[in-house]
A.B. asks: 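Here it is: the structure, laid out below.
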There are 2 protein chains.
Amino acid sequence: MGYSIGQVAKKTGLTAHTLRYYEKEGLLPFVKKSGSGLRVFSDSDLDWLVLIECLKGTGMSLKDIKQYIDWYMEGDSTLNQRLEMFKRQKLKLEEQMSQLQKHMEKINYKIAYYTEIIANGSEGVFERNPELAAERKRVYGK
Amino acid sequence: MGYSIGQVAKKTGLTAHTLRYYEKEGLLPFVKKSGSGLRVFSDSDLDWLVLIECLKGTGMSLKDIKQYIDWYMEGDSTLNQRLEMFKRQKLKLEEQMSQLQKHMEKINYKIAYYTEIIANGSEGVFERNPELAAERKRVYGK
DNA sequence: ATAGTTTTTAGAGTTAACTCTAAGTCAAGA
DNA sequence: TCTTGACTTAGAGTTAACTCTAAAAACTAT
């Protein structure tokens, strides 16, 4: 059960170029080659790609993802490092989620603001945009 | 009430270099210069920086942020474009938040997995990592 | 007044993560 | 077999967003 690089590109949405780049960077150390040199991806290589997308999606650099993979290949002596890495990533992710929630509030405010002045003209209640000024004071101090 | 570039750098956590870069890219069109050529930031410039950080934090490129600023400077004829931009950004943000939630589940699984095998050795219940294989099938089909 | 710190500019350099090219090899269908 | 499309490599090129440099000018504290 093997997939060509093109099939994997289609499945994952990554390009074949990107998949080769990931391999070159050491992120896909398990991908086999056929007798004639073609890459043959297995289901477990797809599992790795799922994990890579997850870590990348939470802002981890390819370099740090490679560090994890290197630890993985080093075996059981690195179990603690790997656990700690995921714990750090979880904290980072929680921070990100709470940041996004704050960004969402600002964007909702902007949508309300523009909706209001498009409906009622610029003399509407939001005129002086007090929320953002308050926000500035909260964020940067007075 | 004006701030030097160094004061703003301290307030925002951006470097003075980055602030100059933003200005060069057209993101800070309202920053004044003193008679001798020094930048003088006002509170309203800090408001802009809050908004820029918000949009950047939701993944908008500086180029797109500049587009918004250009629309802003064009005046009321662009109110609808600006509203639509924020609505698009809100959708993007909702998608991001739901993605992060999924990533969080995977990372929680990994933390449980590593915690288990560190505690009980690699013959634990998580041995064959079935969750990620199931996830691969869900994500990429087969 | 002078020493030390900040700011100015134009422009060069860096980094991460792709993205593409060229020239050749491999594989599958008519 | 021929052709067409997918795949191979090494290496060059691109893009976004900084990041830094150098030399000069401007503030600030004694």
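Every chain is numbered from 1, with letters handed out A, B, ... down the list of sequences.
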A.B. asks: At less than 4.0 Å, is any side-chain N or O atom of B:Ser36 found next to OP1 or OP2 of D:dC27? Yes or no.
C.D. replies: yes
A.B. asks: Between B:Lys32 (NZ) and C:dT8 (P), how many Å, whole number?
C.D. replies: 15 Å
A.B. asks: If every non-hydrogen atom of A:Trp71 is compared with every non-hydrogen atom of A:Thr78, which pair is closest and at what distance?
C.D. replies: O-OG1, 2.6 Å
A.B. asks: Backbone N or O of A:Leu14 within a donor-acceptor pair of the A:Thr18 side chain at under 3.5 Å?
C.D. replies: no
A.B. asks: Want to settle it: does A:Leu38 or B:Gly6 sit nearer the 5' end of DNA chain C, counting the closest nucleotide to each?
C.D. replies: B:Gly6
A.B. asks: List the protein contact pattern of nucleotides 9-21 of chain D with one symbol per nucleotide (5' to 3'): B for base contact, S for sugar-phosphate-only contact, - for none; contact means a heavy-atom distance under 4.0 Å.
C.D. replies: B-------BBBBB
A.B. asks: Looking at A:Ile52 and A:Leu27, what are the two nearest heavy atoms and their distance?
C.D. replies: CD1-O, 3.5 Å
A.B. asks: ring-ring contact (aromatic ring centres under 6.0 Å, His included) with B:Phe30: which of B:Phe41, B:Tyr22, B:Trp48?
C.D. replies: B:Trp48
A.B. asks: Are the side chain of B:Asp45 and the backbone N or O of B:Ser42 linked by a donor-acceptor pair below 3.5 Å?
C.D. replies: yes
A.B. asks: Heavy atoms only, 4.0 Å cut-off, all strands: where does B:Ser34 land among base, sugar-phosphate and nothing?
C.D. replies: nothing
A.B. asks: Closest approach of B:Cys54 and A:Ile107, non-hydrogen atoms and distance?
C.D. replies: SG-CG1, 4.2 Å
